[in-house]
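The sequence lines fix the lettering, A, B, ..., with proteins before strands; numbering per chain opens at 1.
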Amino acid sequence: MTADNSPLARLSPDLSQSLLDWFAAHARDLPWRKTTNPYAIWVSEIMLQQTQVVMVIPYYHRWLDRFPNVGSLAMAPLDDVLKLWEGLGYYSRARNFHKASQIIVEELQGKIPETYKELLKLPGIGAYTAGAICSIAFNQDIPLVDANVKRVFARILDMDKPVEQSASLREIREAAQSLIPPGQAGAFNQGLMELGALVCTTKNPHCLECPANGHCLAKKRQTVDSRPVLAPRKKTRALEVSAGVLVRDGRILVQKRLPKGLMAGLWEFPGGKLDPEESPEQALVREFAEELEIDIVCGKKIAVIQHAYTRFRVRLHTFWSTMKNPGQKPVLHAAEEIRWVLPEELDGLAFPSADRRLIQKIVEEGIPA
DNA sequence: AAGTCGGGGCT
DNA sequence: AGCCCAGACTT
């Protein structure tokens with residue numbers, strides 16, 4: 001616990017009120033701030049995990065339009081759910097949300113839990129999201145800690161240890177809890193995050209405009225630029241990958257990825273990583289043989305697509321291809337399902353962003369004669 | 001405690 | 001090319 005004689009404890013009522021006033025004056029007009037509907041708040045919080053506000057807004061509207069409540073989400077096929085999530089990343093969020101909605105319908109009489117503890121049991125809801133739903137939708141005096149809140153308190157408290165350490169997180173959580181003005185956790189918690197997003201930013205923070213600048217130990221000690229202390233990140237690796245657009249009778253072969261792991265449940269064009277000393281064309285032939293037990297002829301190059309993931313970057317070599325023996329039947333090893341589709345059907349399936357860019361090329365070029 | 005899981009925008 | 005973001009889950 002924060003000691004009663006700490007600077008934070010003495011200044012807390014003042015700090016809390018300053019933040020509430022600042023938030024009332026400066027809050028952005030975001031779609032999820034027009035509602036306290038717990039389902040809508042839940043949608044926004046899942047989408048906002050590790051994802052910036054501007055990216056989320058169009059997805060948020062489309063989602064509520066298509067899945068306006070827990071029941072409609074629970075009823076929907078996973079393919080539809082992933083299609084709506086396409087391009088937003090971290091697809092397990094969509095899978096977990098879908099599963100959670102089905103648990104609510106099947107085991108909780110369709111009612112979203114209203115306690116922190118019960119919310120935490122649902123897949124995809126962790127400490128942050130449970131706190132967000134409790135405080136914003138149900139106005140319970142429960143704190144939340146996201147990357148903004150970590151940064152704000154790392155500076156106010158001038159924390160010199162990495163914020164990701166469990167001791168640091170505990171300290172931040174306790175500070176956030178102690179500052180909640182009773183009955184106003186929703187506004188206070190959102191105010192903290194908004195402060196981190198607009199004023200107490202990672203780079204070039206606007207300390208002169210900050211409602212907490214009189215309480216900020218890092219500002220006083222001129223350590224703002226070195227807070228928060230972050231653990232070093234791993235370097236990104238480069239990967240070479242081939243993918244084939246296999247055509248037979250005017251249709252294209254696509255496969256659905258397995259239900260676990262990277263981009264689970266999304267559709268893709270078959271292919272895989274190049275082995276050392278292997279050409280993209282050789283890799284493609286090998287991958288079709290290994291993954292689908294099909295012998296293919298690698299045809300004309302379509303494009304080389306560069307795509308950056310968080311921890312690696314890919315050069316994706318893409319080729320038209322045909323079957324050596326059209327009578328061969330694919331045997332699935334690395335996919336849950338395969339489908340032969342018309343080019344115009346590709347739009348209805350959920351693909352990773354890199355494959356989406358390939359589809360653009362396919363549609364532009366058309367299937368070669 | 002550390003690794004995994006996307007994507008886009010910014011520097 | 002690296003950094004960052006309204007984190008959760010697995011190992």
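Nucleic acid contact class of A:A264 (heavy atoms, under 4.0 Å, all strands): none. A:W32 comes within contact range of at least one nucleobase, with a heavy-atom separation under 4.0 Å. Nucleic acid contact class of A:S44 (heavy atoms, under 4.0 Å, all strands): none. A:T51 comes within 4.0 angstrom of a nucleotide base, judged by non-hydrogen atoms across all strands. Heavy atoms of A:K203 sit nowhere under 4.0 angstrom from any nucleic acid atom. A:M55 comes within contact range of the sugar-phosphate backbone alone, with a heavy-atom separation under 4.0 Å but no base atom that close. Within 4.0 Å (heavy atoms only), A:G87 reaches sugar-phosphate atoms of the nucleic acid but no base atom. In this structure, A:A132 reaches neither bases nor backbone, as no heavy-atom distance under 4.0 Å exists between it and the strands shown.
Taking 4.0 angstrom as the limit, A:Y309 places none of its side-chain polar atoms (N or O) nearer than this to OP1 or OP2 of B:dT4. The side chain of A:S353 places an N or O atom within less than 4.0 Å of a non-bridging phosphate oxygen (OP1 or OP2) of B:dG8. Contact annotation: A:R313 side-chain N/O to C:dA1 OP1/OP2 distance is under 4.0 Å.
With DNA chain C read from its 5' end, the first of the two nearest nucleotides for A:K260 and A:Q52 is the one closest to A:Q52. Two residues, A:Q49 and A:Q165, neighbour DNA chain B, and the one matched to the more 5' nucleotide by heavy-atom proximity is A:Q165. When each of A:R93 and A:E164 is assigned the nucleotide of DNA chain B with its nearest heavy atom, A:E164 is the one assigned upstream, toward the 5' end.
Although no hydrogens or angles enter the test, the distance criterion places a donor-acceptor pair under 3.5 Å between the side chain of A:N37 and the main chain of A:A40. Checking side-chain atoms of A:T35 against main-chain N and O of A:W32 turns up no donor-acceptor pair under 3.5 Å. A:K83 contributes a side-chain N or O that, together with a main-chain N or O of A:L349, makes up a donor-acceptor pair within less than 3.5 Å.
Atom pair A:I125:CD1 and C:dG7:C1' shows a separation of 12 Å (rounding to whole Å applied). A:R311 places its CZ atom 15 Å from the C1' atom of C:dA1, with the value rounded to the nearest Å. The CG atom of A:L262 sits 8 Å away from the P atom of B:dG7 (whole-angstrom rounding). Between A:F351 atom CZ and B:dG7 atom C1' there is a gap of 18 Å when expressed in whole angstrom units. Rounded to an integer number of Å, the gap from CD1 of A:I57 to P of C:dA6 is 12 Å. Between the C1' atom of B:dC5 and the CD atom of A:E86 lies a distance of 17 Å, rounded to the nearest Å. The separation between A:R95 atom CZ and C:dA8 atom P is 18 Å, rounded to whole Å. Look at CG on A:L119: it is 12 Å from P on C:dA8, rounded to the nearest Å.
The separation of C:dC5 from B:dC5, taken at their C1' atoms, amounts to 14 Å, rounded to a whole angstrom. Spacing of C1' atoms, B:dG6 relative to C:dC4, comes out at 13 Å, to the nearest Å. Rounded to whole Å, the P atom of C:dA8 lies 22 Å from the corresponding atom of B:dG8.
Residue side chain A:T310 reaches the base of B:dG6 through a donor-acceptor N/O pair under 3.5 Å, judged by distance alone. Remark: the A:Y128 side chain and the C:dG7 base include no donor-acceptor N/O pair separated by less than 3.5 Å.
Classification of the A:Y39-A:W42 ring pair by plane angle, with boundaries at 30° and 60°, yields perpendicular.
Contact check on A:E281 versus A:K301 returns no salt bridge, with no Lys/Arg side-chain nitrogen under 4.0 Å from an Asp/Glu carboxylate oxygen. A salt bridge is absent between A:D158 and A:K220: the closest approach of a Lys/Arg side-chain nitrogen to an acidic carboxylate oxygen does not fall below 4.0 angstrom. Ion pairing of A:E365 with A:K361 is absent here, as no side-chain N (NZ or NE/NH1/NH2) approaches a carboxylate O to less than 4.0 Å.
Among the nucleotides B:dG7, B:dG3, C:dG7, the one closest to the side chain of A:D146 is C:dG7. With C:dC9, C:dC5, C:dG2 as the choices, the nucleotide that has an atom nearest any side-chain atom of A:R151 turns out to be C:dC5. Taking the side chain of A:T202 as heavy atoms from C-beta on, and the options C:dG2, C:dA6, C:dC5, the nearest nucleotide is C:dC5. With B:dC5, C:dG2, C:dA6 as the candidates, the nucleotide lying closest to the side chain of A:Y90 is B:dC5. Distances from the side chain of A:Q50 to the nucleotides C:dC9, C:dA6, C:dG7 place C:dG7 closest. Of the listed nucleotides (C:dA6, C:dG2, B:dA1), C:dG2 has the atom at the smallest distance from the side chain of A:T236. When the nucleotides B:dG7, C:dA6, B:dA1 are ranked by their closest atom to the side chain of A:M263, B:dG7 comes out on top.
A:K161 pairs with exactly one of A:Q165, A:E164, A:M159 by the side chain to side chain contact (heavy atoms under 4.5 Å, CB included) rule, that one being A:Q165.
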